[in-house]
Amino acid sequence: MPVKLDDGSILEYFDSHDPQLTSILLQAAEEYRLEALGNEVYMRGLIEFSNNCTRNCFYCGLRRDNQGLHRYVLDSASILELAETACQEGLQSIALQSGDLDGERAVLRLADTLRRITEMSLRYGDTALGITLSAGELSYEQYRLLRNAGAERYLLRIESSNPELFRSIHPPDQSYERRLECLAALKDNGYQLGTGVMVGLPGQGSEDLLADLRFFERWEIDMLGLGPYIVHPETPLARSRRPVQVPPLDSTLKMMALARLILGDVNMVCSTALQSLDARGLQLGLKAGANVVMPVLTPEERRRDYFLYADKRYKGMDVIRSEVEEAGYRLAYWKLGNSRHYYRVRGIPHPEFAAAGAGVSPGL
Ligand code: 5AD
């Protein structure tokens, strides 16, 4: 069961510079994770299928106004081929990511690709490939169409749960309220719902991080993807004069550990941003409670165009495997790894587990 932590003690963790207190927190999260979820790490083969984006977020390299990158869209056959690689290599889930999709045609094309992926994957076994989508703000009907076409999970970050801070990093036509409507629509359409934030944004304080954790709790999310904010030089936020108040690496790890304890059995990814910020990012993230990694399947020649922030790093499968094992974990081949949280809150038995890890008490 998730752990109750009051606001005061959460703020104490964020504000403390005592390495011992931080290591107590990280250790508690790791113990909780091992008892509740075991040492398996689920994989999602990441396919960054298009870097087109209709939005203009102040922090992101894919923003509409950034003309310094070559825009691409992978065709359906190429996506299908990459998904087939996932099937062959025992990655039972993929994550399809793009900028915010541009209109109905792009959505219909994606839905068609999803159906083809599902059909293809059933040639490899009884279970269709698990599909996570991350394609931005769409309409209720578009989310439903994609759900029916085979996507069971959707990741849409709130970026910051503080409406003021959200407004300070987005243009006026991208509203906080709209983002909430999208999250509600995803939930209503039966997706395993994922959200997350960036940590270390200019002007963000520890109260904001606390509010983010409460936001995840309130929304009963099934998946979490959070990572440090990393400056992209060709974006307006790179020129922000507001100070960064929380140390990005430390606060990201604390945030992940607290999320693991508070949210319990959600799936939590070790973000690429964390791994780009620090060479030890993968192992640090796992030890802070992450249980999902996303090996990149995007073709080599497209990767440099999927440039959200500076120094984005990609790791090969062999490196991922050895780092995961060195940290005491193991990659879960041939497993879907759906969020246990999703099933638990609905009272449905999880197809891959007999009983959820009940009664675990962390050493805090
Ligand atoms: N630093 C870290 N994360 C970023 N993202 C976009 N730009 C950056 C950046 N500069 C994240 C956002 C977004 C996701 C696609 O990538 O959280 O939701």
Side-chain angles (χ1 to χ4, degrees), residues 44 46-66 68-69 95-102 132-138 153-162 165-166 168-171 174-176 178-180 182-183 186 193-204 208-209 212 215-216 221 223-240 242 244 246-249 251-253 255-256 259 268-278 281 285 292 294 296 298 303 305-314:
R44 280 74 175 101
L46 177 62
I47 304 174
E48 295 150 321
F49 67 94
S50 166
N51 66 354
N52 279 335
C53 190
T54 55
R55 317 256 174 226
N56 227 353
C57 306
F58 293 163
Y59 45 86
C60 183
L62 301 193
R63 66 198 306 272
R64 192 175 67 217
D65 286 355
N66 183 11
L69 78 169
L96 292 172
Q97 271 186 16
S98 67
D100 275 38
L101 288 183
D102 189 6
T132 310
L133 275 187
S134 189
E137 295 183 3
L138 304 173
R153 318 171 186 140
Y154 204 103
L155 182 64
L156 180 69
R157 288 187 176 181
I158 187 69
E159 316 298 356
S160 167
S161 67
N162 174 341
L165 191 54
F166 183 97
S168 76
I169 58 171
H170 295 103
Q174 290 176 233
S175 82
Y176 183 76
R178 172 80 191 116
R179 195 59 68 103
L180 295 184
C182 287
L183 289 174
L186 288 164
L193 179 64
T195 192
V197 293
M198 287 178 286
V199 178
L201 288 164
Q204 186 184 45
D208 295 317
L209 300 180
D212 291 340
F215 179 93
F216 304 148
I221 59 166
M223 317 183 303
L224 179 62
L226 61 84
Y229 162 64
I230 302 174
V231 173
H232 184 298
E234 298 305 317
T235 58
L237 205 60
R239 292 180 287 280
S240 168
R242 299 178 86 187
V244 174
V246 297
L249 176 63
S251 308
T252 299
L253 295 174
M255 188 80 174
M256 289 172 75
M268 180 162 71
V269 71
C270 184
S271 67
T272 320
L274 174 59
Q275 299 180 59
S276 298
L277 186 69
D278 192 295
V292 175
M294 295 170 69
V296 179
T298 311
R303 292 182 191 179
D305 292 320
Y306 208 88
F307 193 52
L308 301 169
Y309 41 78
D311 294 328
K312 190 164 169 231
R313 289 193 205 152
Y314 290 99

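Counting starts at 1 for both ligands and their atoms, following the listed order. On a predicted model such as this, the values are computed, not experimentally measured, just so you know.
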Notebook entry, point to check: In this structure, are over 12 heavy atoms from other groups packed under 6.0 Å from Asp102 atom CG?
Noted result: no
Note to self: Ring centroids only, cut at 6.0 angstrom: are Tyr176 and His170 within range, meaning strictly under it?
What the structure shows: no
Heavy-atom nearest neighbour in the protein, as seen from [atom], with distance rounded to 0.1 Å:
| atom | result |
| --- | --- |
| atom 9 (C) of ligand 1 | Ile230 O, 3.4 Å |
| atom 11 (C) of ligand 1 | Arg157 NH1, 3.7 Å |
| atom 2 (C) of ligand 1 | Pro228 O, 3.3 Å |

Margin query: Using a plain distance cutoff, I'd like to know if Tyr59 has any nitrogen or oxygen under 3.5 Å from a nitrogen or oxygen of ligand 1.
Written below: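 Yes, Tyr59 has an N/O under 3.5 Å of an N/O on ligand 1.
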Note to self: With respect to Tyr229, determine whether any N or O atom, backbone or side chain, lies less than 3.5 Å from an N or O atom of ligand 1.
What the structure shows: no
Item checked: Side-chain touch Leu62/Tyr306, heavy atoms, less than 4.5 angstrom ->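 In contact.
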Note to self: What I'd like to find out is whether the side chain of Leu224 reaches to under 4.5 Å of the side chain of Met256, using heavy atoms alone.
What the structure shows: no
Next item on the list: State plainly whether the residues Glu137 and Arg179 are in salt-bridge range, i.e. N to O under 4.0 Å.
Entry: yes
Note to self: Measuring from atom CG of Asp100 to atom CG of Leu138, what distance do you get when rounded to the nearest 0.5 angstrom?
What the structure shows: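 If we round to the nearest 0.5 Å, Asp100:CG and Leu138:CG are 7.0 Å apart.
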Next item on the list: Run the numbers for me: atoms of ligand 1, each under 4.0 Å from some heavy atom of Leu308, listed by number.
Entry: 7 (N), 10 (N), 16 (O)
Next item on the list: Check each atom of ligand 1 against the heavy atoms of Cys60 and keep those under 4.0 Å away; list them by number with element.
Entry: 6 (C), 7 (N)
Item checked: ligand 1 versus Ser134: contacting region, heavy-atom distance under 4.0 Å ->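 Contact part for Ser134 vs ligand 1: neither.
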Notebook entry, point to check: Quick one: does ligand 1 sit under 4.0 Å from the side chain of Gln97, the backbone, both or neither, non-hydrogen atoms only?
Noted result: neither
Notebook entry, point to check: Counting only N and O atoms by type, is there a donor-acceptor contact under 3.5 Å from the side chain of Ser98 to the main-chain atoms of Phe49?
Noted result: no
Item checked: Selected option - heavy-atom contact closest to atom 3 (N) of ligand 1, from Glu159, Arg63, Arg55, Met198 -> Met198
